[in-house]
Amino acid sequence: MRLRRSRIGTQRPPFLEQSGVPLPGENLVIVESPAKAKTINKYLGGDFKVLASYGHVRDLPARDGSVRPDADFEMDWELGDRSKKHLDEIAKAAKTAKRIYLATDPDREGEAISWHVEQVLRSRRDLAHADFQRITFNEITRSAVLDALANPRTINRELVEAYLARRALDYLVGFTLSPVLWRKLPGSRSAGRVQSVALRLICDRESEIEAFRPQEFWSIEIVFRTTDGAEFAARLTHLDGRKLDKFALPNEAAAKAAVARLEGAQYRIAAVERKQARRNPYPPFTTSTLQQEASRKLGFGATQTMRVAQRLYEGVDLGGETVGLITYMRTDGLTLSNEAIAQARRVIGDAYGPDYLPASPRVYKSTAKNAQEAHEAIRPTDLSRRPEDVRRFLDRDQFRLYELIWKRTMACQMASAILDQVAVDVAATDGRAILRATGSVVRFDGFLKIYEEDRDDPADQDDEGSGRRLPPVKEGDSVDRRTVRPEQHFTQPPPRYTEASLVKTLEELGIGRPSTYASILQVLQDREYVRLEKKRFHPEDRGRLVTAFLRSFFERYVEYDFTAKLENQLDEISGGRVDWKEVLREFWDAFSKAVDQTKDLTISQVIEALDQELGPHLFPPRADGSDPRACPSCGSGKLGLKLARSGAFIGCSNYPECRFTRPLEVVNAEAAEEVAAYPRQLGTDPETGLPVSVRKGPYGFYVQLGEGSDGAKPKRASLPKSRAPEEIDLDTALAILALPREVGRHPETGEVISAGIGRFGPYLKHGNVYKSLPAGDDVLEIGMNRAVELLADAKARPSAEPIRTLGDHPQDSQPVAIFKGRYGPYLRHGRVMASLPKGTDPEAVTMEQAVELLAAKAGKDGGTKSGRKTSRASSSSTGGKKADPRKTAAKKDGAKKTAARSTPRKAAGT
């Protein structure tokens, strides 16, 4: 890494002169990112070198035994692939430094990085007694960095132990539970301590949605006109002396009866209620609330939010001055420094006037236990730096996120909004009905002038009357009934989680840490356990299977309360109130026993448990009351969950006599009925006597000839999109099975034009020319004129014939030939293909040149494909000559020595 000297020269800042920091060239500052190093280096001058560790330098090796519970939880650590280079550079600089400052982020992860760096450097003989000092700052500004240098400390052991406990727990769960999943549940990927609980939340919500049955209800609204001609609407709340609840009018008949009662009445104003309400501003951002609001307002995912925030924190060049624009973005704290509050109040007073400034500063307190070691909330480092002032220095995402943080921070110190709320009761003069109208008007906007928090779901929005004005009325006024409007409604299922609402739920339950939520959500998607569709999480069947397995055999470890309790214990460790190894022992004793109990678990037991757990999802009730598990093929078998090496599917209990199968994706009763309707028997093929049917497979509908009961694979053909499966009859099915068909002979070439269905849909073929049929053209009906018209614009497919054959390869006598490819000519020998160098004439290539090019290509592919090399590639890599065994042995010996030198020392324990 190139060392950067400060632009302010080598003169020591006066602050450092007074603090007694060592002389020039004797100080090394270690941070975790090069962007942070660049910013800090400009603040410190020539007295300091600032180097980056590039994140974590060590981690637990991804193999069994890296954490050893039987050896008092000793841990092995290994350097990351790129860490050695950076650490060597840091160590070289450290040798000449009298003092080494560890300036990584001010949280557990930052403390852990500093601890790892110090441990690795102290393991070197010449740095064993180096002077290491830990410094932290919540913002990357000149004053914050210089203040931290004047107040160094040692590594916080409690924070490190909390990190070690968390890392050990995650490792033990992942590396113990995942192999159980692989053995007992084919197709599953992994399990994790927090990841599996987050997955359960998504799956449980989906089960609630599937079990939900909408319930009809009606409401009635009347539009009234006052004596002044103003109109307003009121909703029926009481009828015939009875207060109506939500389902008091359950159907249209009840609604019509109520309408008849209302239409014959006269109405007057029975009561007017006016009151003022105050809305207080929202607290400043924490990690989780920033992720939630960035998702709602900006459409950012949690990962994107943290990535952009990281750039704002580490520093942005503002026309020659690099400065961090926001404070540290991984925090649970809600406090603001006194300086920040004072600055916010000055900006509010200057920009919006004294009315928007509350009498005293607002103080917020976090309810989260041990909230990220009492960090400040996320705020701009300088509130006088308005979003429009820095816009030209930021990209679009950076500007939008900075503006969001700036507005939220300013709003949290502004005056409350004042709303005038009015409720008007309208009563029938004979007392048969009461209706209510509500309105709410903002009298003073206060903090709403610059900021209002969004909501995830309609149910979270403000009351219906918000923002609606009512005309001036007083008690006793008569009003005319204009129209009576009955309206039908249906209850709605709970909404699927968005990223924002899932993060909010995880935080409310005390599961995981806000700083880890982004990575957890990403892992669930990478493992294909869930998918994000229209910003909502949908569980994949693979994810539901994993959740069902864990709930059946490891229920305690995916319980919300258990995971939250474990998080509290980790907080206790970081506060120095609990011994970290005692927490690990308590967890491991129970967890290892639970794992041992699954060793004798059979696949049939797993299938039975999963089938029972997922039955309501896989086999939802049918509208006609028939058995949803009845096999639609044989009629006598029962459908159930089956497991194969590739994953799970639905199969018949009469297998192998009945080979009916279908994928797991059945999400509602309608889909289940559609699946149950297939296969549909169409009749018998008059030529073969075999049955013809329409079926539904994982990739769509198809027709099939025969049943394949004799072991032979039946003939199948996909349905063209122009044909609906319910419209297919025997003649159409036989025509599809007979494809490709001859359309006719081309009038110019005399060659046959054929129509068929291929991998990518219906097509026409004329010699080497292929043309996909556009929508609207039917593969069974297209005629000659249309076929010739479509083929006129099609390009010929490259010929599969070689443009030149060189002869047989000297090693195995297989032919070597030159072909014409999309990107130029290439050599082919068996499965090995090698491009000819640019400008090479295919006619001038010799066999010797070809063998050399193919050998180089084979050797390259053999070294990269799963570590395997074919014997042909190995022999070719020496130009067709037998390798010298002495040279091979020498190479192996050298490789072993290199590996031995690069293997990191194991750290026994912690």
Side-chain angles (χ1 to χ4, degrees), residues 185 188 196-218 245-247 250-251 456-460 488-499 501-502 504-506 508-509 511 524 529-556 558-563 606-630 632 638-642 648-650 662-677:
L185 192 62
S188 57
S196 299
V197 182
L199 176 60
R200 180 188 167 181
L201 276 170
I202 296 170
C203 293
D204 284 354
R205 177 56 57 87
E206 196 70 20
S207 296
E208 291 177 44
I209 294 171
E210 290 171 351
F212 179 81
R213 297 293 176 265
Q215 185 174 351
E216 181 183 8
F217 66 98
W218 288 70
D245 60 21
K246 186 175 184 178
F247 301 105
N251 49 46
D456 292 303
D457 304 301
D460 294 333
Q488 184 186 37
H489 309 274
F490 290 93
T491 54
Q492 297 298 312
R496 292 183 175 91
Y497 286 110
T498 62
E499 285 202 21
S501 60
L502 183 57
K504 182 179 180 181
T505 302
L506 288 169
E508 288 174 347
L509 293 173
I511 296 170
L524 291 178
Y529 287 162
V530 302
R531 69 183 185 278
L532 199 57
E533 194 172 284
K534 295 181 179 178
K535 298 186 178 181
R536 300 276 176 176
F537 281 113
H538 296 250
E540 300 285 7
D541 281 304
R542 172 182 288 161
R544 299 191 73 153
L545 283 169
V546 170
T547 297
F549 179 86
L550 295 176
R551 289 182 67 161
S552 298
F553 303 105
F554 295 92
E555 184 175 10
R556 181 188 180 198
V558 288
E559 287 179 350
Y560 306 140
D561 290 345
F562 175 81
T563 309
V606 172
I607 292 175
E608 182 180 353
L610 298 185
D611 190 271
Q612 183 177 356
E613 177 81 21
L614 295 175
H617 162 62
L618 300 175
F619 309 104
R622 293 179 181 171
D624 60 4
S626 60
D627 184 4
R629 287 183 179 263
K638 293 290 185 181
L639 299 182
L641 183 71
K642 307 291 181 184
F649 63 95
I650 301 300
R662 68 168 169 82
L664 297 180
E665 292 85 354
V666 177
V667 296
N668 53 42
E670 288 182 8
E673 290 175 15
E674 182 183 77
V675 170

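The backbone N or O of Gln215 sits less than 3.5 Å from a side-chain atom of Thr491, completing a donor-acceptor pair. Judged purely by atom type and a 3.5 angstrom limit, Arg542 has no side-chain atom pairing as donor or acceptor with the backbone of Tyr529. Between the Glu540 side chain and the His538 main chain, no donor and acceptor come within less than 3.5 Å of each other. Arg496 places no side-chain N or O within 3.5 Å of a backbone atom of Glu206 that could act as its donor or acceptor partner. The main-chain N or O of Val558 is found under 3.5 Å from a side-chain atom of Arg200 such that the two form a donor-acceptor pair. Listed for the Thr505 side chain is a donor-acceptor partner under 3.5 Å among the backbone atoms of Ser501.
Considering only heavy atoms from C-beta on, Leu618 stays 4.5 Å or farther from Pro628 through its side chain. Counting heavy atoms from C-beta on, the side chains of Glu613 and Thr547 never come closer than 4.5 Å. A 4.5 Å side-chain heavy-atom check between Phe619 and Ile650 finds at least one atom pair inside the cut-off. In this structure, the side chains of Thr498 and Phe537 stay at 4.5 Å or more apart for every pair of heavy atoms. The closest side-chain heavy-atom distance from Pro621 to Arg213 is below 4.5 Å. Contact of the Glu210 side chain with the Pro616 side chain is not registered, since no non-hydrogen atoms from C-beta on lie closer than 4.5 Å. With contacts defined as side-chain heavy-atom distances shorter than 4.5 Å, the pair Asp204/Tyr560 qualifies.
Heavy atoms only, all atoms of each residue included: Phe247 and Phe217 are closest at CD2-CB, 3.8 Å. Smallest separation of non-hydrogen atoms from Leu199 and Gly543: CD2-O, 3.6 Å. Minimum heavy-atom separation, Arg536 to Pro495: NH1-CB, 3.6 Å. Summarising the geometry of Ala198 relative to Leu524, their closest heavy-atom pair is CB-CD1, 4.1 Å, with the distance given to 0.1 Å.
Summarising the geometry, atom CG belonging to Asp541 is positioned 9.5 Å from atom SG belonging to Cys203; distances are rounded to the nearest 0.5 Å. One finds the CG atom of Asp611 at 12.0 Å from the NZ atom of Lys638 (value rounded to the nearest 0.5 Å). For the atom pair NE2 of His489 and CH2 of Trp218, the computed distance is 8.5 Å after rounding to the nearest 0.5 Å. Note that the CG atom of Leu610 and the CZ atom of Arg544 stand 12.0 Å from one another [nearest 0.5 Å].
The side chain to side chain contact (heavy atoms under 4.5 Å, CB included) with Val197 is formed by just one residue from the set Leu509, Leu506, Leu550, Thr563; it is Thr563.
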Please test Gln612 against Ser552 for side-chain contact (heavy atoms from CB on, under 4.5 Å), starting from the C-alpha separation and ending with a verdict.
CA-CA 10 Å; Gln612 183 177 356; Ser552 298; over 6 Å; no
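Applying the 6.0 Å contact sphere to CD of Glu559 captures more than 12 heavy atoms from other residues, nucleotides or ligands. Under a cut-off of 6.0 angstrom, the local environment of CD in Glu508 is crowded, with over 12 non-hydrogen atoms contributed by other residues, nucleotides or ligands. Counting heavy-atom neighbours within 6.0 Å of Asn251 CG, excluding the residue itself, gives a total above 12.
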